[in-house]
4 protein chains.
Amino acid sequence: MKGGTNGRPKEGQSTRIQSINREIILYAALEVFSIHGFRGSTVDQIAARAAMSKPNLLYYFRRKQDIYRAVLEATLADWLAPLAAISPDGDPVEELRRYITAKLAMSAEKPAASRLFANEILSGAPVVGDFLRTRLKRLVDEKAGIIRDWVSAGRLAPVDPHHLIFMIWATTQHYADFDVQIRAIIGSQVDRPGFREQTAQAVLTLVLNGLKPRP
Amino acid sequence: MKGGTNGRPKEGQSTRIQSINREIILYAALEVFSIHGFRGSTVDQIAARAAMSKPNLLYYFRRKQDIYRAVLEATLADWLAPLAAISPDGDPVEELRRYITAKLAMSAEKPAASRLFANEILSGAPVVGDFLRTRLKRLVDEKAGIIRDWVSAGRLAPVDPHHLIFMIWATTQHYADFDVQIRAIIGSQVDRPGFREQTAQAVLTLVLNGLKPRP
Amino acid sequence: MKGGTNGRPKEGQSTRIQSINREIILYAALEVFSIHGFRGSTVDQIAARAAMSKPNLLYYFRRKQDIYRAVLEATLADWLAPLAAISPDGDPVEELRRYITAKLAMSAEKPAASRLFANEILSGAPVVGDFLRTRLKRLVDEKAGIIRDWVSAGRLAPVDPHHLIFMIWATTQHYADFDVQIRAIIGSQVDRPGFREQTAQAVLTLVLNGLKPRP
Amino acid sequence: MKGGTNGRPKEGQSTRIQSINREIILYAALEVFSIHGFRGSTVDQIAARAAMSKPNLLYYFRRKQDIYRAVLEATLADWLAPLAAISPDGDPVEELRRYITAKLAMSAEKPAASRLFANEILSGAPVVGDFLRTRLKRLVDEKAGIIRDWVSAGRLAPVDPHHLIFMIWATTQHYADFDVQIRAIIGSQVDRPGFREQTAQAVLTLVLNGLKPRP
DNA sequence: GATGAATGAGCCTTCATTCAT
DNA sequence: AATGAATGAAGGCTCATTCAT
């Protein structure tokens, strides 16, 4: 019997079925936590979504918190990737266009991840607080530096780099986090084929050119 | 000749102490619900914040749901006001500037209200769903029409009106909803005196002028 | 201010409005207790039926138990009267006929009283237990003696007096206590004008003559 | 692949320990409900009697109502059996003698069941109301028809069949429902060995022969 | 690797009762 | 004589977690 005295799966060594089940659980948990938040979600709900008995689920993750933490961590990596990709060597507008497009794609493809994160932050970031203050801050500050340089070089309009980043986050994530509201207002056209491209177009135009008509 | 079921305060007539306590409760509930969401909040927490015994709190609002609904409704009115104020007769840029400024002010002054709303939407809008599909949609569609006219007249750059409104919502509310994250990244300068104006400046510049340097 | 230092009404001295309100309360309490029993009834229900505020009701009867006790006691007197009226000097059949008729009349006119009593006994007679073991037992034993004498004298068929009394109680009270069941079976004819007389006729025939055809 | 909401035992399949515990609970619930009625009983009381923790009890029956309903239904079958056994082909007096004897036996052996039923009816039959109006009514009407035929054939004294049935119910159940009162009056002789037979003797004599001395 | 059974803690809500006016 | 306001003590039910198999 692998995995220690009580057969509970340790990370590192894991059979095929173990890692499969972990995936199933994490996926189910994401769906549930992203809607109801940590306290509003129940282990039962997650177990039901994972088509698994509750004790079996707790065999893989001993505590509700553990599942939550695992889902969040699995999400954070994806979260950082697009921002990390911004390079000081590219063309400023092109780099930002790519970043915005990537974030919008994530919102469309993994809305649950975005909502999970939003919920966590709204609750005061009890779990990812540390991450925000350390890794995220470092990364953001670094990229803000790049943007500042671009502005100094006259390659971007004079904007505060941090506010720019916040604005991009807000705008792109909004389409995932406030999906219900958007649907309530513009209806099912959200599900039409071209909607994503149209959205990207609108957001990019706005962020890059602004509202004032250019001569 | 009363004959009520429990001497619970009747709607319509209310004594001084009643309306005071109602206010206290709603204020406390806003604080609690805005952080933990509906399911994550407990009546105990609210009662504690209201410095009131739990049964006394339930003397004013029979059910947790009733409190939640009342807080939300009290919030929605404020919510609509700035958008409703956009007038077709004003200068487009000026009207939008005023709108954005007003929304940023609300985010700064009543962040809890914004978070409460965000939580409700994230949970699928179980309570305000109807409101979104009716009153909000009507109002947004009306204002979108105004913006469309401005664009047609060449007084605004060609933008999709709905996406513009979403973008403004996202950006302005972000400062309330993701406050914790913003603080984690740019630290306590959030609390410095001029921060609000500086934020407004940055957002307005971005939304109005865009990123690309203007010649 | 009559009635002592705190104005609570003492028995003995009472203003007109006080005794009126007491009556109203007792009447309302009878209706409620007779259906839901002591524990199943709430002061609220009684107050609502009495068209009175709860604190005002408790101004007259300090505790729920007090109301219950008062209603029961008010009922017991009526309860005993018909049995007490059985006289050793009358004709046996005539005396019993009168008794049965009187009990049936009470069932029809004051079904709630009968049900209240039934509920109390079903619950183990926590309040009237003493009464049963003392006053009621004395009275029943006395009347049983009379019946026994009648039997000895050959004026009644040889029956056990106690069982006879129980049977009369059971049969007559049944029409009040199990009213719902009777209605479910024989429907609304219960409310037809002649039903009471018809019932009396049937019960008397049975008790007096029995099932076997008489030659 | 279970995926249930809470690992609550499914109907249909049940392990040994499940059916044992269900029995224990139903038995305990019968004792409690029969004395205090539905509203007057607490899940705590039942759990205590069943020597089980409250949540464990609720693991088997999710709601207090479910337990109540289950106990009642388990009782109703027994309830109908003796009446259903009356056959048109037997001797009328003999059939009724058997019925009365059977009902008295049930009262003596399962007094709690009788009291449970009495409590339910007194409360207005909120749960068994439907049963009374359908299955019970059908059965009673059928048997009433048989009795009516017997009367027509001169094999029974002229009695109203429904009132006869009510009288038998009343009389036989009285010994269970009003046990406390009977004990208060005739004391502990209730527990003496021959009491049951003596009661049966008395009731049968009365119902069959009536009070008037036969020549 | 999986599940049925069990439980302590907590949460929403009701209710009898009291206090102050 | 009456009522609005307040509260402690349950009571029904849920839920994360553990135990045993």
(request) Anything below 3.5 Å on both distances counts as a pair; with that, list the stems of at least three consecutive Watson-Crick or G-U pairs involving DNA chain E. (result)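 The stems are E:2-21 with F:2-21.
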
(request) Identify, between A:N21 and C:K64, the residue whose nearest nucleotide on DNA chain E lies closer to the 5' end. (result)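 Its nucleotide being nearer the 5' end, the pick is A:N21.
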
(message) With nearest nucleotide decided by heavy atoms, which residue, A:R39 or A:L57, maps closer to the 5′ end of DNA chain E?
(response)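 It is A:L57, whose closest nucleotide lies nearer the 5' terminus.
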
Would you kindly give the [atom1]-to-[atom2] distance between [X] and [N], to the nearest whole Å?
X: A:F61; N: E:dA2; atom1: CZ; atom2: P; answer: 13 Å
X: B:F38; N: E:dC11; atom1: CZ; atom2: P; answer: 14 Å
X: D:I20; N: E:dA6; atom1: CD1; atom2: P; answer: 10 Å
X: D:Y59; N: F:dC19; atom1: OH; atom2: P; answer: 17 Å
X: A:L58; N: F:dC15; atom1: CG; atom2: P; answer: 14 Å
X: B:Q65; N: E:dT13; atom1: CD; atom2: C1'; answer: 14 Å

(message) Run the side-chain contact (heavy atoms from CB on, under 4.5 Å) test on A:I67 and A:L57 for me, step by step, so that the C-alpha distance in whole Å, both residues' side-chain angles and the decisive distance to 0.1 Å come before the verdict.
(response) CA-CA 9 Å; A:I67 317 175; A:L57 185 152; 3.4 Å; yes

Just distance, no hydrogens or angles: give the donor-acceptor pairs under 3.5 Å from side chains in residues 120-127 of chain D, sequence neighbours left out.
unit_1	atom_1	unit_2	atom_2	d
D:E120	OE1	D:Y68	OH	2.5
D:E120	OE2	D:V127	N	2.6
D:E120	OE2	D:V128	N	2.8
D:S123	OG	D:N119	O	2.8

(request) Under the side chain to side chain contact (heavy atoms under 4.5 Å, CB included) rule, collect the residues that match up with A:Q65, sequence neighbours excluded. (result)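 Checked A:Q65 against side chain to side chain contact (heavy atoms under 4.5 Å, CB included); matches are A:F38, A:R69.
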
(request) Identify, with sequence neighbours excluded, every residue that meets side chain to side chain contact (heavy atoms under 4.5 Å, CB included) alongside D:N56. (result)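 By the side chain to side chain contact (heavy atoms under 4.5 Å, CB included) rule, D:N56 matches D:M52, D:S53, D:Y59, D:Y60.
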
(message) By the salt bridge (Lys or Arg N to Asp or Glu O under 4.0 Å) test, which pairs, at least two apart or in different chains, include something from residues 122-131 of chain B?
(response)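 For residues 122-131 of chain B: B:D130-B:R133.
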
(request) Any salt bridge (Lys or Arg N to Asp or Glu O under 4.0 Å) involving residues 32-43 of chain B? Give me the pairs, sequence neighbours left out, ordered by first then second residue. (result)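 Residue pairs passing salt bridge (Lys or Arg N to Asp or Glu O under 4.0 Å), neighbours aside: none found.
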
(request) Give B:Y60 one of three labels, base, sugar-phosphate or nothing, depending on what nucleic acid heavy atoms sit under 4.0 Å from its own. (result)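 Contact class for B:Y60: sugar-phosphate only.
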
(message) Please classify the nucleic acid contact of B:R16 as base, sugar-phosphate, or nothing, using heavy-atom distances under 4.0 Å.
(response)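 If one applies the 4.0 Å heavy-atom cut-off, B:R16 turns out to touch nothing in the nucleic acid.
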
(message) Please enumerate all residues that pass salt bridge (Lys or Arg N to Asp or Glu O under 4.0 Å) together with D:K64, with sequence neighbours excluded.
(response)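 Scan of D:K64 (salt bridge (Lys or Arg N to Asp or Glu O under 4.0 Å), adjacent residues dropped) gives none.
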
(request) Could you check which residues of residues 41-56 of chain D get a heavy atom under 4.0 Å from DNA chain E? Sort them by number, please. (result)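 Residues of residues 41-56 of chain D that come under 4.0 Å of DNA chain E are, in numerical order, D:S53, D:P55, D:N56.
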
N/O donor to acceptor pairs below 3.5 angstrom from side-chain atoms of residues 23-35 of chain D, sequence neighbours left out:
unit_1	atom_1	unit_2	atom_2	d
D:E31	OE1	D:R49	NH1	3.1
D:S34	OG	D:L30	O	2.9
D:S34	OG	D:E31	O	3.0

(message) I want to verify a distance call: between E:dT14, F:dT17, E:dA6, whose nearest atom is closest to the A:R63 side chain?
(response)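 Selected nucleotide (nearest to the side chain): F:dT17.
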
(request) Evaluate side-chain contact (heavy atoms from CB on, under 4.5 Å) for D:D177 paired with D:F117, printing each intermediate quantity in order. (result) CA-CA 9 Å; D:D177 302 346; D:F117 197 69; over 6 Å; no

